[in-house]
Number of protein chains: 2
Amino acid sequence: MTPATNPIIFAISRIENMMYQVTFDPSKGSGVIAANVSIIRDSDLNDALLIFKGVMKSGLGVGSYIRAIRDQESFGNIRLGRRECAIITPCSITIDSVLLKSGVSVRPIFGGIVQIKKGVPVRFTDILTYDSTTIDPIDALMSQELTSVTDVGSTGSGKILANVRVVPMHARERVEGVLETLKSANFDSILFVGEPNTEVLGVPIERDHIGIVAIGGTNPMAAVQEQGIPIRTQALSELIDIDEMEMV
Amino acid sequence: MTPATNPIIFAISRIENMMYQVTFDPSKGSGVIAANVSIIRDSDLNDALLIFKGVMKSGLGVGSYIRAIRDQESFGNIRLGRRECAIITPCSITIDSVLLKSGVSVRPIFGGIVQIKKGVPVRFTDILTYDSTTIDPIDALMSQELTSVTDVGSTGSGKILANVRVVPMHARERVEGVLETLKSANFDSILFVGEPNTEVLGVPIERDHIGIVAIGGTNPMAAVQEQGIPIRTQALSELIDIDEMEMV
């Protein structure tokens with residue numbers, strides 16, 4: 001009944017394919033990372049870049065890297081219209097991939113919205129699991145206008161995008177080492193590492209596993225949207241060599 | 001860690017609570033149905049009603065009932081702003097509830113987008129399961145602007161919202177009887193009833209079960225949105241007595 005050419009593809013399948021392709025080695029600071037591509041009008045580029053960099057500097061992005069694409073008709077699989085440009089930023093799947101390549105059986109589970117109170121993550125208010133949706137969870141969550149990333153940046157309280165993966169509890173030491181190496185490579189985006197058999201921010205985690213909450217790579221885009229600037233984000237979309245990115 | 005007052009609630013929980021509360025009896029044509037509430041500007045009401053009725057008459061709604069709410073500050077739990085009004089339409093959970101009350105163990109599984117070619121449903125192009133999201137799947141799907149309900153109405157081809165529930169295969173005869181009774185009560189919204197152990201429109205179904213595809217109650221709202229008229233829909237939101245609705 002289904003044409004074999006057009007199967008439905010769940011988000012987790014696209015994530016796993018992307019994880020496999022990432023080659024970034026944080027100890028060398030080289031290789032290919034997973035990236036999100038955001039498309040905006042030329043005339044909004046400067047404002048958007050200011051917001052992106054502000055959000056990233058307040059610790060609400062994934063990795064302190066950015067790249068603006070101007071005067072091109074396309075970037076990777078993304079086509080740009082006239083008077084449109086693109087901003088490339090790291091995607092948190094890069095973190096999952098680095099864990100995977102270090103031999104940890106890491107499993108991305110869901111994306112959601114985390115409430116922050118005075119700088120402290122309190123709980124998930126909404127979640128969407130990756131194995132149950134063909135719509136990108138981040139697209140679905142961003143389109144509901146549930147975030148207040150700008151407020152978190154200015155007051156320390158509000159709601160941001162975040163995501164959770166589980167790792168086996170025996171991998172804890174290795175995971176902590178990898179996360180430290182990532183931090184040294186300017187990929188400092190971990191919000192919370194759980195304890196074995198303990199929920200993370202209100203969400204139960206599989207037995208004998210640890211939940212790791214990372215900040216969503218699309219918080220800068222949510223902040224731009226909060227300012228009423230039109231932006232369309234293609235998550236899970238591209239791979240890019242870290243050498244082609246600029247430090248924020 | 002989670003404040004007990006604010007648990008995350010998955011869509012399936014809200015659906016089951018609503019199913020329990022519906023009392024509609026299609027053989028008598030009386031009782032309470034599950035409804036979707038759409039909020040629009042006063043000035044758009046007439047245009048929106050025309051579109052709603054057109055979509056419903058071309059068989060792309062759930063049940064031939066509608067109710068417009070004007071000059072009220074609220075309807076049920078929904079608050080209306082100044083110069084806003086509401087349109088109430090039946091929600092497909094009404095069908096699940098009628099199956100449940102007839103003794104069939106019915107389980108709503110997912111909402112999605114169905115591609116229609118020359119009047120024939122071809123396949124699901126996107127799906128979102130109810131047990132994995134706290135965001136209403138219909139809200140998530142509508143916000144992605146993936147539908148072309150207007151085209152389906154005018155040319156017979158395009159993409160509409162639809163949803164799937166499973167029933168045990170032994171219940172088939174009873175289910176067909178109930179669906180006939182619903183049709184006589186002007187709830188004619190079944191797109192496709194599968195065979196046991198056979199996928200429905202490209203999506204695998206649990207063993208020894210039958211998948212039933214119903215048209216999404218929010219297709220009229222999607223059509224309004226396609227015409228560029230601002231509309232916000234609260235799905236899974238209200239119960240209303242069928243006597244308070246008008247026939248289309």
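The structure displayed is predicted, hence computed values, not measured ones. Within every chain, numbering begins at 1; the chains are lettered A, B, ... in the order of the sequence lines, protein sequences first and strands thereafter.
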> By a 4.5 Å heavy-atom criterion (distance strictly below it), what part of B:L146 contacts chain A: side chain, backbone, both, or neither?
Replying inline: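 For B:L146, side-chain heavy atoms alone lie under 4.5 Å from chain A.
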
> Side chain, backbone, both or neither: which part of B:F110 has a heavy atom under 4.5 Å from chain A?
Replying inline: neither

Can you measure from [atom1] ([X]) to [atom2] ([Y]) and round to the nearest 0.5 angstrom?
{"X": "B:T133", "Y": "A:I135", "atom1": "OG1", "atom2": "CD1", "value": "11.0 Å"}
{"X": "B:I9", "Y": "A:D126", "atom1": "CD1", "atom2": "CG", "value": "10.0 Å"}
{"X": "B:I113", "Y": "A:T134", "atom1": "CD1", "atom2": "OG1", "value": "8.5 Å"}

>> Quick check for you: among A:I127, A:T129, A:D139, A:L128, which has the greatest number of heavy-atom pairs under 4.5 Å with chain B?
In response: A:I127

>> For A:F10, which atoms come within 4.5 Å of any heavy atom of chain B: side chain, backbone, both, or neither?
In response: side chain

> What heavy-atom pair brings A:Q144 and B:S143 nearest, and what distance separates the two atoms?
Replying inline: NE2-OG, 3.4 Å

